[in-house]
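Letters A, B, ... are given to chains in the order of the sequence lines, protein chains preceding strands, and every chain is numbered from 1.
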Amino acid sequence: MNIFKAFENDIRAILASLAEAGSIPAGLDLSRVTVEPPRDPAHGDLSTNAAMVLAKPAKMAPRALAQMLVDRLTARGDVVSADIAGPGFVNLRLTPAVWQERVRDILAAGTAYGDSDAGGGHAVNVEYVSANPTGPLHAAHGRGAVFGDALASLLKKAGFKVTREYYINDAGAQVQVLGRSTYLRYREALGEDIGEIPAGLYPGAYLKDVGQALAARDGDKWVGTDESVWLPVCRDFAISMIMDWIREDLGLLGVSMDVYTSERAMVESGAVGAALQALEDQGLIYVGVLEPPKGKKPDDWEPRPQTLFRSTDFGDDVDRPLKKSDGTNTYFANDIAYHYDKFRRGSPTLIDVLGADHGGYVKRMQAATTAVTAKQGSLDVKICQLVHLLQNGEPVKMSKRAGTFVTLRDVIESVGANVVRFIMLTRRNDQTLEFDYAKVTEQSKDNPVFYVQYAHARCKSVLRKAAEDGRDISVAALAKADLSRLEAPEEMEIIRRMATWPRLVEAAAEAHEPHRVAFFLYDLASDFHALWNKGKDDATMRFLIDGDEGISVARLALVHAVATVIASGLQVMGVEPVEEMR
RNA sequence: GCGCCCGUAGCUCAGCUGGAUAGAGCAUCAGACUACGAAUCUGAGGGCCGGAGGUUCGAAUCCUUCCGGGCGCGCCA
């Protein structure tokens, strides 16, 4: 149960009944009315801005409006006090029981605590990773993978129907390059001296494996044949093998997609023509000449008529080409068809998780999505900024040109999938992220992964100790606890924190910001570590009190709830909670 | 030149879609273990929220304009 949502609904109901009674004008817009935990706990448990938001449209003094709310709210049994504060906030203090009972909610729900129906089963398609199938995933891909996956989990928890999707760019010029590069490695595998890899082909050593696998499968069958014969073979073989690697790497990270969509298959199905026709029918395609780009001008620039999409009608800066000079479709044209395809498969809400170098692509794709779906679909693009890999503060050297880069697999193997996933979510997506091998495996509070896991392990440690003492720590037994015994300020604080979890799930899902989960867990862990240490100073604050089973059971229920909420949050992040630290 | 993103404590970052006195961690200083794991905790100092205007009951948050950093800018994907 979401306390904040519940009171928000109740306050709306009170306002409606006040309007009915003629105390306030009818038909006020209540959409800006919110109920939040006040930043300063001294102000109370809940706070609403209703009086301030409605004062102007109601043509009433904020405090007069607030007083009416106060009168109604104080009449409730679960409200201890309601006060007007500051410019017109109404602050509520609830009975301890309202909070204490949340512990029972948590025990009953398990890690499903925080699940919401806010999404109403609305379909959302989250496309992420979508790395080109020309090489193994590198470290930076990991961020998009983790972000997209956590966002998908978060949306699912918030009640959306989520599709996780990977778009395989297997249709463009780069997979032709891949095919040629593979052919060289194939001949090399058969014993030929291929010398230096020519400029323009992929130099990466990983293609040796592909060449050898092809040679092992087909022998010298393709040597001496025409390029029109071997190119498709080499290309498709390489794509297939590399996609297998990518799937394996994602598997190591705990990422599994619902759908892999092939660009080439989509193109061959005629979907691009259909999508362009949809734009044509709306008069959004024309032939024109673009202005040259300002500033840095390409050497071979010359004005030339192109087939253009009127993306400026939808907020873009210039109209965008759909056809190359040889008459074939641009990547953008294919992408329009792809987004149209996702829409037609049943997701009006689309999310693309892209890398930092795609920032300039956002406006046109949003414009195209709006246009091609006749404004029925919407696209949110989440750009993940760069990851700086560090080793003890020193940048890890990488060169794409030389074909040397840190693979995602290397990173996972050196620090573990749980660490990669957690750390990648400790920054907002549009903030660059430093990933220091030394720091992320450090066992200190400076390392949020450790800090949160340690809190969970401590919970489990208490429960183990209780079980060793012969206590029944089953959920059924703990659920019978007399929770009114949890009256210490530190205990109430941690309960209030856990009560905000359902609210946080909804807010983070709506904002498409999974990093908020990581910060919430850090705060919750901090509350728990503080409570733990309280027992050092004050023996009556220990979890297990000999001779007082009532409070021991209540506190065990609390500890179990904390472990459950941490596990619930980690589940969204795709991180496994640990039972004990090693 | 244009577009997008970022600018918050010495450092690394949050800030709940406009709320009350702007918060954490690290670093600095001062404290707490005969333990359900001190790998933790408690406290102190530290800020013109890049600058300047504007919008309103109220701005780190929205608008305008500068400054600084990152990414991108027809026929690549």
Side-chain angles (χ1 to χ4, degrees), chain A residues 4 32 34 36-40 43 47 49 52-53 55-56 62 85-89 91 130 132 134 169 171-175 263 289-298 300-304 306 308 316-318 320-321 323-328 330-332 334-335 355-363 381 383 385-386 426-434 439 442-448 450-451 454-455 457-458 461-466 468-469 500 503-504 507-508 510-511 513 515-516 518-520 522-523 526 529-537 542-544 559 580-581:
Chain A
F4 306 93
R32 291 179 58 212
T34 60
E36 303 179 342
R39 196 165 285 171
D40 183 350
H43 290 132
S47 177
N49 62 356
M52 289 179 294
V53 171
K56 189 175 248 184
F89 288 103
N91 293 330
S130 296
N132 292 332
T134 54
N169 295 129
Q174 60 188 359
V175 289
E263 180 184 3
V289 180
L290 288 177
E291 294 287 313
K294 299 281 196 298
K296 192 192 71 179
K297 194 187 287 186
D300 58 345
W301 167 268
E302 55 186 68
R304 127 184 341 135
Q306 288 176 296
L308 300 170
D316 200 0
D317 311 306
V318 291
R320 305 289 178 175
K323 304 248 186 230
K324 303 179 195 173
S325 50
D326 65 4
T328 59
T330 59
Y331 178 80
F332 179 50
N334 287 355
D335 223 10
D357 52 346
H358 287 68
Y361 196 64
V362 176
K363 276 190 181 180
V381 181
I383 299 288
Q385 287 300 328
L386 302 173
T426 54
R427 291 287 178 271
R428 251 169 35 217
N429 62 289
D430 46 16
Q431 196 72 258
T432 58
L433 184 147
E434 290 189 359
K439 244 181 178 175
E442 189 175 278
Q443 301 206 336
S444 79
K445 67 187 299 191
D446 192 22
N447 178 0
F450 169 78
Y451 190 74
Y454 187 30
R458 275 182 155 175
S461 161
V462 175
L463 293 167
R464 272 196 303 273
K465 173 71 162 64
E468 283 166 16
D469 292 351
T500 63
R503 179 173 183 272
L504 186 128
E510 191 190 352
E513 292 184 350
H515 75 276
R516 293 192 199 181
F519 285 92
F520 170 83
Y522 189 88
D523 289 341
S526 180
H529 287 309
L531 181 60
W532 174 289
N533 272 72
K534 205 76 186 166
K536 304 239 172 248
D537 302 335
R542 296 190 165 208
F543 297 116
L544 305 177
V559 168
E580 54 185 326
M581 305 306 294

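No donor-acceptor contact under 3.5 Å links the side chain of A:D357 to the base of B:A77. Judged by distance alone with a 3.5 Å cut-off, no donor-acceptor contact links the side chain of A:S526 to the base of B:A24. The base of B:C75 sits within donor-acceptor range of the side chain of A:R304, with an N or O pair under 3.5 Å. Judged by distance alone with a 3.5 Å cut-off, a donor-acceptor contact links the side chain of A:R503 to the base of B:C16.
Per the geometry, CD belonging to A:E434 stands 14 Å off C1' belonging to B:G25, to the nearest Å. A:I383 has its CD1 atom 17 Å from the P atom of B:G3, to the nearest Å. Atom CG of A:N334 and atom P of B:A77 are 8 Å apart (whole Å). Distance CD (A:E263) to C1' (B:A77): 8 Å, rounded to an integer number of Å. Between the CG atom of A:L308 and the C1' atom of B:C75 there is a distance of 11 Å, rounded to whole Å.
Proximity note for A:E36 (side chain, C-beta onward) versus B:U56, B:U17, B:A77: the nearest is B:U17. Here the nucleotide nearest the side chain of A:D446, chosen from B:A77, B:G25, B:C57, is B:G25.
Residue contacts shown for A:A55 are absent, as no nucleic acid heavy atom lies under 4.0 Å away. A:H515 comes within 4.0 angstrom of sugar-phosphate atoms only, judged by non-hydrogen atoms across all strands, and of no base. Residue A:K56 is classed as a sugar-phosphate contact, given heavy-atom separations below 4.0 Å to backbone atoms only.
Residues A:Q174 and A:N132 bring a donor and an acceptor atom of their side chains to less than 3.5 Å of each other. For the 3.5 Å distance criterion, the side chains of A:D446 and A:S444 fail to qualify, holding no donor opposite an acceptor.
B:A24 has no base stacking with the ring of A:Y522 when judged by centroids under 5.5 angstrom apart and an interplanar angle below 30°. Under the stacking criterion of a centre-to-centre distance below 5.5 angstrom and an interplanar angle below 30°, A:H43 sits stacked against the six-membered ring of B:A20.
Taking atom C1' in both B:C29 and B:A20, one finds a spacing of 31 Å when rounded to whole Å. A distance of about 26 Å separates the C1' atoms of B:C16 and B:G54, rounded to the whole Å. For the C1' atoms, the distance linking B:C6 with B:G19 amounts to 25 Å, nearest Å.
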message = Output the pairing pattern of RNA chain B as a dot-bracket string, 5' first, Watson-Crick or G-U wobble with both distances under 3.5 Å, | for cross-strand pairs, [ ] for crossing pairs.
response = (((((((..((((.....[...)))).(((((.......))))).....(((((..]....))))))))))))....
